[in-house]
Each structure stands twice: as C-alpha cells, then as structure tokens.
Amino acid sequence: MTVLGTADAVRFDAHGSTFASYVASRNSTQLCAWQLTVPAGTRGVAHRPSRDEVLLVLDGTLHVTLDGTRNRVERGKVALVRAGVEVIVDGGPQETTVWVTTTPGLTATLNDGTQLTPPWAQ
C-alpha cells in the first residue's frame, strides 16, 4: 500500500487553475488522479479530452459545459466527461476543489486544433 499526502503532490498551474498530481505514471501504470483547484469566476478553456475523466466536486461549485450544455456541479456531485466531448470547466462563485481521475496518456485538443499533453495526466 502507498499512502500519499499533500507533500507528495506535484503541482502545475494552467489556464488559471492549479493541478496537484498525486497519481500518474511516476507511481501507477493504470490510473491518474489529481486535485484541481479552480478560483472563483475562472473561465475554462474549451477542449476535447482523449479519455474519459471523472470530476468529483469536493468543495464549492463548478459550471461544466459538455457539448454546449451547461451543468452546475456542486459539492458531492460527479461530472463524467466522455472522451471526445467538448468540455469547458468554469469556476463558481467561490474557489472550488475537485478530485479528477482518468487513465494515463490523456491528451486534450483545443478548438484551434492545438494538442495538449498535460503532465499531471501522464
């Protein structure tokens, strides 16, 4: 068994949010998991993930738009983002903390065709 604490997380800042990576290829071959912190009012960037993602809101509220449909996701609720679906994650009225899981190798394609390889999901 491996127990990981906040000191073990590798932090990345992107698009106004913070990604604290706990599980990735450095310590797992089958899972990636990170804590996402989205400041209040942050506007997300539209993208299409290459793999399914699960977003569990730990604290606060997110606005998750999936293929044009805006959803309010509150504490204790989960958003399932299917691979290939356009997703935008916007912050709510206060800072929001989210636990995100996926499988290693996730990439994201922006609307202009730019391909991102987020290091927290590798």
Report summary line: Here the side-chain hydrogen bond (donor to acceptor under 3.5 Å, both in side chains) pairs for residues 107-120, sequence neighbours left out, are Ser50-Thr107, Glu86-Asn111, Thr107-Gln115, Thr109-Gln115, Asp112-Thr114

Query raised in the report: Can you hop from Trp34 to Val81 via hydrophobic side chains spaced under 4.5 Å?
Result: yes

Would you tabulate the side-chain donor-acceptor contacts of residues 1-15 under 3.5 Å, counting partners in other chains and residues two or more places apart, or write 'none'?
unit_1 : atom_1 : unit_2 : atom_2 : d
Asp8   : OD2    : Gly5   : N      : 2.8
Asp13  : OD1    : Thr18  : OG1    : 2.8

Report task. Would you list the pairs meeting salt bridge (Lys or Arg N to Asp or Glu O under 4.0 Å) in which at least one residue belongs to residues 96-109, sequence neighbours left out? Result -> none

Report task. Find the distance between CG (Leu80) and CG (Leu56) and round it off to the nearest 0.5 Å. Result -> 12.5 Å

Query - Contact check, side chains of Pro49 and Thr102, non-hydrogen atoms, under 4.5 Å - result: no

Query - Set of residues satisfying salt bridge (charged side-chain N to carboxylate O under 4.0 Å, His left out) with respect to Glu74, sequence neighbours excluded - result: Arg72

Report task. Heavy atoms only: give me the nearest Val38-Leu36 pair and the separation to one decimal. Result -> CG2-CG, 3.7 Å

Query raised in the report: Stepwise, does the side chain to side chain contact (heavy atoms under 4.5 Å, CB included) test hold for Leu31 with Thr101?
Result: CA-CA 7 Å; Leu31 295 172; Thr101 59; 5.9 Å; no

Query - ring-ring contact (aromatic ring centres under 6.0 Å, His included) contacts touching residues 45-96 (sequence neighbours left out) - result: none

**Report entry** Pairing residues for Arg48 by the salt bridge (charged side-chain N to carboxylate O under 4.0 Å, His left out) criterion, not counting sequence neighbours
**Finding:** Asp67

Report task. Test Ser21 against Arg26 for side chain to side chain contact (heavy atoms under 4.5 Å, CB included), laying out the working first. Result -> CA-CA 10 Å; Ser21 174; Arg26 68 183 178 281; 3.2 Å; yes

Query - Qualifying ring-ring contact (aromatic ring centres under 6.0 Å, His included) pairs, either residue in residues 78-109, two or more places apart - result: Tyr22-Trp99

**Report entry** Side chain Asn71, main chain Thr65, donor-acceptor under 3.5 Å
**Finding:** no

Query raised in the report: Can you tell me how far CZ of Arg82 sits from CG of Leu66, rounded to the nearest 0.5 angstrom?
Result: 11.0 Å

Query raised in the report: Do side-chain atoms of Thr96 reach the backbone of Thr61 as a donor and acceptor pair under 3.5 angstrom?
Result: yes

Query raised in the report: Linking I/L/V/M/F/W/Y whenever their side-chain heavy atoms sit closer than 4.5 Å, directly or via other members, would Leu106 and Val78 fall into one cluster?
Result: no

Validation: residues 87-94 side-chain donor-acceptor distances under 3.5 Å, sequence neighbours left out:
unit_1 : atom_1 : unit_2 : atom_2 : d
Asp90  : OD1    : Gly44  : N      : 2.7
Asp90  : OD2    : Arg70  : NH1    : 3.2

Query raised in the report: Looking at OG1 of Thr103 and CG of Asp52, how far apart are the two atoms once the value is rounded to the nearest 0.5 Å?
Result: 8.0 Å

Report task. Tell me, please, which residues at least two apart from Ser17 pass side-chain hydrogen bond (donor to acceptor under 3.5 Å, both in side chains). Result -> none

Query raised in the report: Does Leu110 sit in a hydrophobic cluster with other residues, and if so which ones, taking ILVMFWY side chains as linked at heavy-atom separations under 4.5 Å, directly or through other members?
Result: Val45, Leu116

Requested in this report: Let me know which of Thr69, Val57, Val73 forms a side-chain contact (heavy atoms from CB on, under 4.5 Å) with Val64.
Outcome: Val73

Requested in this report: Output all residues satisfying side-chain contact (heavy atoms from CB on, under 4.5 Å) with Arg75, sequence neighbours left out; order by chain, then residue number.
Outcome: Asp59

